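Order of the sequence lines sets the chain letters (A, B, ...), proteins ahead of strands, with each chain counted from 1. Values reported hereafter were calculated over all heavy atoms of this structure, with side chains retained and with hydrogens, waters and symmetry mates removed. Bear in mind that the values here come from a model prediction, so they are computed numbers and not experimental data.
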Number of protein chains: 2
Amino acid sequence: MQIDEVDQRIIASLVADARSSYAEIGSRVSLSAPAVKRRVDRLRAAGVIRGFTTVIDPAAVGWNTEAFVELFCTGRTTPTQITLATRRHPEVVAAYTVSGEADALVHLRAADISHLEQALERLRAEPFVTSSRSMIVLSRLVDSPTVVPAPS
Amino acid sequence: MQIDEVDQRIIASLVADARSSYAEIGSRVSLSAPAVKRRVDRLRAAGVIRGFTTVIDPAAVGWNTEAFVELFCTGRTTPTQITLATRRHPEVVAAYTVSGEADALVHLRAADISHLEQALERLRAEPFVTSSRSMIVLSRLVDSPTVVPAPS
DNA sequence: GTTGAAATCTCTTAGCA
DNA sequence: TGCTAAGAGATTTCAAC
């Protein structure tokens with residue numbers, strides 16, 4: 001799909017605040033509210049905009065502990081297998097297949113250390129996991145939403 | 001701050017769709033629109049709700065390459081130093097201090113491999129970095145927004 | 001302290017030039 | 001694309017629980 005500079009500025013505006021009105025975005029990109037809505041609808045339909053969500057302080061809802069786990073898998077493990085397995089665990093925030101020593105990197109979020117330990121145990125019990133290496137997050141230094149490059 | 005089950009359900013609703021109306025959320029939690037707004041305002045003021053954002057397909061805006069980089073730092077490196085250094089690089093999506101072998105884990109997003117290479121070079125040129133280990137993301141398997149535990 | 005109802009104002013959204 | 005207009009939603013005020 002073709003995205004012009006106006007689309008990018010609309011996206012940037014929506015990333016900064018998903019609840020701003022079309023009129024407000026329009027005034028920022030010099031477009032009328034209906035024109036903005038039409039573009040947003042088009043971007044949603046095309047899958048460029050996946051959805052609108054809310055950024056929550058994890059600690060406030062009681063999920064204080066985070067970790068990244070590198071998974072080492074058996075030779076014939078497919079990405080699909082890892083996807084299905086990791087999706088089953090509610091503690092999994094994100095999972096990736098990666099190049100390098102490990103085969104996959106899993107981002108976990110749990111209430112506390114003991115909850116994290118349980119989740120880790122469950123994850124490691126998956127049949128294709130041969131070993132794992134965990135990094136517990138001590139502090140989050142930077143956390144930006146998806147960066148939209150400014151039109152050059 | 002005190003969060004009751006109604007707040008949690010409002011949060012869950014906003015995480016699922018940040019643009020839904022207060023009336024819509026209200027019908028789901030059996031509250032009037034003004035009551036929902038008051039609670040949302042309170043949650044925002046308390047920092048539980050950090051903001052509303054839009055989930056973008058990174059590929060659609062031309063950022064196709066992702067990597068995680070483990071940083072090994074000199075003995076007297078403070079988290080603040082790492083924060084300031086990583087914030088300077090627009091490719092840094094997130095950064096954490098971690099337990100384990102590495103001192104920090106940095107999540108990078110770039111347009112392509114050569115862009116990623118440049119970003120990595122810049123990052124490794126930071127004076128406190130002694131070495132690094134990169135994992136290039138081959139595919140994103142799972143990517144959930146912040147999970148809000150259902151009230152039990 | 002909270003809530004819901006009503007009034008006013010803004011925004012959304014469809015139709016049309 | 002912008003404009004207009006009708007409907008829907010947001011938000012403030014106020015009274016009641």
J.: On DNA chain C, nearest-nucleotide positions of A/Ala23 versus B/Pro34: which is more 5'?
T.: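 It is B/Pro34 whose nearest nucleotide is closer to the 5' end.
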
J.: Checking contacts here: which listed nucleotide (C/dT12, C/dG15, D/dT11) is nearest the side-chain heavy atoms of A/Tyr22?
T.: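 Output: C/dT12.
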
J.: Select base, sugar-phosphate, or nothing to describe what B/Arg42 touches, counting heavy atoms under 4.0 Å on all strands.
T.: nothing

J.: Provide, to the nearest angstrom, the distance between the CZ atom belonging to B/Arg44 and the C1' atom belonging to D/dT11.
T.: 15 Å

J.: By nearest atom, which of the nucleotides D/dT11, D/dG2, C/dG4 is closest to the B/Arg38 side chain?
T.: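 Out of D/dT11, D/dG2, C/dG4, the nucleotide with an atom closest to B/Arg38's side chain is C/dG4.
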
J.: Step through it carefully: locate the ring centre of B/Phe68, locate the ring centre of A/Phe68, and say whether they are under 6.0 Å apart.
T.: yes

J.: Are B/Glu126 and B/His89 close enough that a side-chain donor and a side-chain acceptor fall under 3.5 Å?
T.: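 Yes.
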
J.: Out of C/dT3, D/dG2, D/dA10, which has the shortest distance to the side chain of B/Ala35?
T.: C/dT3

J.: When you get a sec, tell me which of C/dT3, D/dA10, C/dA5 is the closest nucleotide to the side chain of A/Arg19?
T.: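 From the listed options, D/dA10 comes nearest.
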
J.: Side chain of B/Arg39, heavy atoms from C-beta onward: which of C/dT2, C/dA5, C/dT12 has the nearest atom to it?
T.: C/dT2

J.: Rounded to the nearest Å, what distance is computed from the CG atom of residue B/Asp41 to the P atom of nucleotide C/dT3?
T.: 12 Å

J.: Nearest to the side chain of A/Ser21, which nucleotide is it out of C/dG4, C/dT12, D/dT1?
T.: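 For A/Ser21, the side-chain atoms sit closest to C/dT12.
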
J.: By nearest atom, which of the nucleotides D/dT11, C/dT12, C/dT13 is closest to the A/Lys37 side chain?
T.: C/dT13

J.: With a 4.0 Å cut-off, would you call B/Arg39 and B/Asp4 a salt bridge?
T.: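 Salt bridge present between B/Arg39 and B/Asp4.
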
J.: Pick from A/Arg88, A/Glu117, A/Glu91: which one makes a side-chain contact (heavy atoms from CB on, under 4.5 Å) with A/Arg122?
T.: A/Glu91

J.: Round to a whole Å and report the spacing from CG of A/Asp17 to P of C/dC11.
T.: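 From A/Asp17 CG to C/dC11 P: 13 Å.
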
J.: To the side chain of B/Leu31, which of C/dT3, D/dT11, D/dG2 is closest?
T.: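 Ranking C/dT3, D/dT11, D/dG2 by closest atom to the B/Leu31 side chain puts C/dT3 first.
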
